[in-house]
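One structure below.
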2 protein chains.
Amino acid sequence: MRSRGGGARGVRITDVAAAAGVAAMTVSRVINTPERVAAATAARVRAAIAELGYVPNLLAGGLSSRRSRMIAAIVPTIAHPMFAALVDSFTDALREAGYQVMLSISGYAPGREDALVRALLGRRPDGLLLTGTEHSPATRQIVAEAGVPVVEIFDAGTPIDMLVGFDHAEIGAAVAEYFLAQGHRQFAVFAAGDMRALARRRGFAERVARAGCVLVGDPVLPAPSTIIAGREALRALLPALGERTALFCSSDLLAFGAIVEARAHGLGVPERLAVCGFGNFELGAASDPPFTTVTVEAARIGEIAAEMLLARLRPGAGRAPGAGAVRIPFGIRARASS
Amino acid sequence: MRSRGGGARGVRITDVAAAAGVAAMTVSRVINTPERVAAATAARVRAAIAELGYVPNLLAGGLSSRRSRMIAAIVPTIAHPMFAALVDSFTDALREAGYQVMLSISGYAPGREDALVRALLGRRPDGLLLTGTEHSPATRQIVAEAGVPVVEIFDAGTPIDMLVGFDHAEIGAAVAEYFLAQGHRQFAVFAAGDMRALARRRGFAERVARAGCVLVGDPVLPAPSTIIAGREALRALLPALGERTALFCSSDLLAFGAIVEARAHGLGVPERLAVCGFGNFELGAASDPPFTTVTVEAARIGEIAAEMLLARLRPGAGRAPGAGAVRIPFGIRARASS
DNA sequence: TTGAAAGCGCTAACAA
DNA sequence: TTGTTAGCGCTTTCAA
């Protein structure tokens with residue numbers, strides 16, 4: 001008879017053990033390391049498990065084994081198709097390995113990450129995924145003290161532990177390069193106000209300056225990006241536009257909005273306004289005209305991040321050195337807009 | 001000295017207690033029920049917590065208290081803006097109340113839910129969110145035995161426990177009604193192959209039939225919806241189109257694709273083809289022409305679902321009867337496409 | 001208001 | 001291959 005809790009609440013491992021005529025430890029082995037149990041015994045135990053409808057308590061298991069089989073993840077949003085794809089592939093890869101993801105959405109407001117990290121670490125996750133490489137000193141310290149593998153995504157820089165992403169400034173520069181090779185001399189850039197979009201903007205602006213050209217406009221728009229923000233930014237840009245301008249948008253949503261607004265004003269795309277977006281959303285191919293965009297395999301980032309964590313979590317892995325930072329390639333998908 | 005584990009790994013509640021010169025139980029009270037601790041004592045304990053960087057182990061707390069403060073949620077996708085908004089508001093509302101959401105993405109393949117539910121229940125969540133009201137008998141049974149509050153979302157029907165959503169067939173009928181009131185006599189419907197999109201299609205088709213009109217096309221497309229699927233479906237529909245057709249699409253993505261394709265073929269919208277989508281994505285307002293759509297406050301569903309669970313989880317709540325099912329209103333947002 | 005004892009359900013470590 | 005023992009770190013319960 002138990003002294004706490006109520007009546008017949010919940011089947012425990014000892015109930016299964018009693019039903020199968022074995023010790024609790026044997027039931028545990030059937031579940032976790034079946035290769036160490038005789039086939040006949042395992043069959044008896046499995047029958048008892050099915051019979052009783054036993055669902056192992058992973059809270060208890062995690063406490064005892066010091067492995068919670070949970071991974072904590074913090075992303076700024078899931079409304080953005082890139083992050084949605086990334087989260088999807090990440091959770092999928094981990095679920096197949098028996099890990100559950102605890103997802104937290106930080107938004108683009110700074111300072112929120114600290115509280116989230118604290119709350120998540122209380123669940124004793126076996127690993128951690130963070131977005132970007134910019135974190136407060138407090139976050140860095142608490143994460144370091146937790147002693148779990150950490151993978152940062154979607155950015156380049158100096159990682160806390162492991163990293164999979166790309167250099168946003170480099171992407172901006174590559175888009176500028178692409179436009180320059182087409183003979184463009186006048187430029188503009190629309191960017192959302194988050195760290196990574198701003199890095200793309202900076203890379204673009206620097207390459208343009210280095211070519212001796214000028215930006216006729218480089219507004220910073222609210223994060224996350226919207227179509228309407230792109231429309232409004234283009235409307236504001238109209239007076240500054242010359243013969244022919246090449247516009248880089250930090251998101252395909254902004255690019256789509258810019259094109260819609262350009263057409264509404266009779267501004268030819270690409271004759272008067274060449275456009276390149278970022279993200280390769282489905283929208284870009286269905287736009288009229290379809291627009292050029294930067295492609296990044298977001299789902300691949302999620303997969304690789306999961307693999308990196310799993311490699312660290314395999315028994316006897318340790319801090320595998322060298323697996324530190326993975327660069328994901330990007331490309332420019334040229335379409336009729338440029 | 002501890003017999004298991006390694007060296008100085010992790011600050012425990014007893015470490016804080018020793019540093020503050022109190023019992024472990026007092027530290028626990030400072031964290032969970034501070035109103036039951038003298039102010040001076042609490043201050044001393046808080047100082048020790050900060051000093052040592054103590055992060056309470058919620059796995060241990062959950063095991064002991066039988067309250068994990070986790071909520072498990074299963075949605076088919078987060079790539080869909082409606083579900084993204086819903087998940088966002090749901091996790092937000094619960095986080096504020098101290099609960100963490102374990103999110104699982106089931107996809108649209110049937111049969112996946114069973115395994116997910118089992119895996120999630122092993123974490124002993126305090127509550128459960130499921131999408132839709134169609135579940136396998138196995139899922140229903142295991143959920144019922146778990147004895148946790150369950151809220152089903154995004155559908156109408158007979159709930160396992162609680163429900164917040166809307167009747168998809170009713171929405172389809174309302175759209176048909178809207179078109180009929182405009183004098184339309186010829187109809188078509190594009191629907192993704194998931195349960196809820198098919199229910200909207202059915203409601204639409206039945207209302208059309210009741211008015212003595214016919215559908216010139218009602219293809220079922222792969223779930224989740226895409227723009228390209230809408231384009232292709234419209235191309236296939238072209239030969240069947242009469243003077244003037246009213247098209248209902250189960251998603252704004254399909255509607256956008258249909259409009260793009262219609263324009264590419266010189267088919268006037270709304271003169272030859274009237275279009276209504278579903279979801280009120282930002283895309284619908286930026287489309288040329290902007291299109292009519294069904295609006296549903298997805299974020300509100302997430303909030304209400306969270307509130308329902310929290311109400312059940314408050315001490316001494318019990319199975320509050322009457323709070324069973326909440327209907328979320330929907331509307332038709334008329335734009336130039338119809 | 002505070003503390004002591006007991007145990008939540010499981011698994012690591014060791015023994016047979 | 002299987003079993004026994006002793007906790008994992010916290011909170012419930014009861015007592016002071």
Side-chain angles (χ1 to χ4, degrees), chain A residues 1-18 20-45 49 52 54-69 98 121-124 126 146 315-316, chain B residues 1-18 20-45 49 52 54-69 121-124 126 146 315:
Chain A
M1 193 181 122
R2 278 165 292 132
S3 70
R4 286 211 298 185
R9 273 215 148 298
V11 179
R12 301 186 304 291
I13 198 169
T14 48
D15 301 326
V16 176
V22 297
M25 196 56 225
T26 300
V27 178
S28 174
R29 289 199 186 96
V30 169
I31 293 165
N32 299 303
T33 53
E35 69 279 7
R36 293 190 196 171
V37 180
T41 313
R44 238 168 50 239
V45 170
I49 287 173
L52 299 175
Y54 172 58
V55 179
N57 185 330
L58 299 179
L59 252 45
L63 178 61
S64 183
S65 66
R66 295 155 173 276
R67 299 190 315 141
S68 64
R69 296 199 156 272
L121 288 180
R123 312 271 175 200
R124 295 299 185 267
D126 294 335
Chain B
M1 192 182 123
R2 278 165 292 133
S3 70
R4 285 210 299 185
R9 272 215 147 300
V11 178
R12 302 188 302 293
I13 198 169
T14 48
D15 300 326
V16 175
V22 298
M25 197 51 227
T26 300
V27 178
S28 175
R29 288 200 187 95
V30 169
I31 293 165
N32 299 303
T33 52
E35 69 279 6
R36 292 190 196 170
V37 181
T41 313
R44 236 165 56 237
V45 169
I49 287 175
L52 299 175
Y54 172 58
V55 179
N57 185 329
L58 300 178
L59 251 46
L63 177 61
S64 185
S65 67
R66 295 153 172 278
R67 300 190 315 141
S68 64
R69 295 199 158 271
L121 288 179
R123 311 268 174 201
R124 295 300 187 266
D126 294 335

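Protein chains get the first letters and strands the later ones, always in sequence-line order, with residue 1 at the start of each.
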- Map E35(A) and G62(B) onto DNA chain D by nearest heavy atom, then report which one ends up closer to the 5' terminus.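 It is E35(A), whose closest nucleotide lies nearer the 5' terminus.
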Closest to the [X] side chain, choosing from [options]:
X      : options                  : value
I13(A) : dT11(C), dC8(C), dG9(D)  : dT11(C)
Y54(A) : dT11(D), dT2(C), dC10(C) : dC10(C)
V22(A) : dT2(C), dG9(C), dG3(D)   : dG3(D)

Using atom types as modelled, flag every donor-acceptor pair under 3.5 Å from a side chain in residues 27-35 of chain A to any protein atom, sequence neighbours excluded.
| unit_1 | atom_1 | unit_2 | atom_2 | d |
| --- | --- | --- | --- | --- |
| S28(A) | OG | N32(A) | ND2 | 3.4 |
| N32(A) | ND2 | S28(A) | O | 3.1 |

- Message: Distance criterion of 3.5 Å, no angle test: do you see the side chain of S64(A) paired donor-to-acceptor with the base of dG7(D)?
- Response: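 Donor-acceptor pair under 3.5 Å: yes.
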- For R69(A), which residues count as a side-chain contact (heavy atoms from CB on, under 4.5 Å) partner, sequence neighbours excluded?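 Counting only residues at least two positions away or on another chain, R69(A) forms a side-chain contact (heavy atoms from CB on, under 4.5 Å) with R67(A), Y99(A), D126(A), R123(B).
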- Message: With a 4.0 Å cutoff (strictly under), does any side-chain N or O of R67(A) reach OP1 or OP2 of dT11(C)?
- Response: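 Answer is no, no contact under 4.0 Å.
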- Query: Within the structure shown, what part of the strands sits under 4.0 Å from A60(A) by heavy-atom distance: base, sugar-phosphate, or nothing?
  - Reply: base
- Message: Heavy-atom nearest nucleotide on DNA chain C for P56(A) versus A42(B): which residue maps closer to 5'?
- Response: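 So the residue in question is A42(B).
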- Of residues 24-33 of chain B, the positions that come close to DNA chain C - non-hydrogen atoms, cut-off under 4.0 Å: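 Listed by number, they are M25(B), T26(B), R29(B).
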- Query: Can you name the closest pair of heavy atoms from A17(B) and A23(B) and give their distance?
  - Reply: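 Residues A17(B) and A23(B), closest heavy atoms: CB-C, 3.7 Å.
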